[in-house]
Amino acid sequence: MKKRLGLVLIEVPLIASIIIRLFAGVVAYYYIGNVIEAIQSEEVVRRGNIYTMFDNPSSYFIRLSLYSLCAFAGFWYATLGTKVKNGN
């Protein structure tokens, strides 16, 4: 199976592609859980520091957007990916 990642074309066997997709799905699940937890509790814990929506809004929203971006990227790769059709 061929994969196009940016400007690089990577060819991997089907089993390796399935394992990579499963790993991307696990990463997406983990970060979606972090996003839901951060929204419900209105705080994010990073390296022992607690960032809340009211005390440190910029740090809170930066961390929340990073979690969302990682969740979206993992979900996108696990479901759609970047399949290359027959040919170059």
Side-chain angles (χ1 to χ4, degrees):
M1 175 175 272
K2 293 181 180 179
K3 292 287 197 186
R4 181 169 297 284
L5 300 172
L7 299 175
V8 178
L9 180 67
I10 299 173
E11 190 169 346
V12 295
L14 180 62
I15 191 71
S17 176
I18 292 171
I19 291 172
I20 292 170
R21 285 180 184 263
L22 285 175
F23 179 72
V26 168
V27 167
Y29 180 76
Y30 173 75
Y31 280 109
I32 287 172
N34 283 344
V35 168
I36 292 171
E37 180 183 350
I39 291 172
Q40 287 179 348
S41 67
E42 296 181 352
E43 67 181 20
V44 176
V45 179
R46 180 176 181 256
R47 295 183 185 168
N49 296 329
I50 299 174
Y51 301 114
T52 63
M53 186 185 302
F54 304 108
D55 294 337
N56 273 338
S58 61
S59 298
Y60 172 79
F61 286 115
I62 288 171
R63 184 60 44 186
L64 189 64
S65 63
L66 180 66
Y67 289 163
S68 300
L69 180 69
C70 291
F72 175 75
F75 180 74
W76 173 77
Y77 191 81
T79 56
L80 300 174
T82 55
K83 290 184 181 178
V84 175
K85 294 183 180 177
N86 292 337
N88 290 331

### Query
Considering only heavy atoms from C-beta outward, does the side chain of Ile62 approach that of Tyr51 to under 4.5 Å?
no

### Message
Please give me the minimum heavy-atom distance between Thr52 and Glu43, naming the atom from each residue.
### Response
CG2-CB, 3.9 Å

### Task
Taking all heavy atoms of Ile20 and all of Tyr77, pick out the closest pair and write down the distance.
CG2-CE2, 3.3 Å

### Task
Using the rule that two of Ile, Leu, Val, Met, Phe, Trp, Tyr join whenever any of their side-chain heavy atoms come within less than 4.5 Å, decide whether Phe61 and Ile39 are in one cluster.
yes

### Message
Within the structure provided, determine whether Val27 and Phe23 are in side-chain contact (heavy-atom separation under 4.5 Å).
### Response
yes

### Query
For the side chain of Tyr60 and the backbone of Ala38, is there at least one donor-acceptor N/O pair under 3.5 Å apart?
yes

### Query
Does the side chain of Leu66 reach to within under 4.5 Å of the side chain of Arg63, using non-hydrogen atoms?
yes

### Closest non-hydrogen atom pair between Ala28 and Ala71, with its separation
CB-O, 3.6 Å

### Query
Does a side-chain heavy-atom distance below 4.5 Å link Tyr31 with Asn34?
yes

### Message
For the CG atom of Leu64 and the CE atom of Met53, what is their distance to the nearest 0.5 Å?
### Response
8.0 Å

### Query
Under a single-linkage definition using a 4.5 Å side-chain heavy-atom cutoff for Ile, Leu, Val, Met, Phe, Trp and Tyr, are Tyr30 and Val35 assigned to the same hydrophobic cluster?
yes

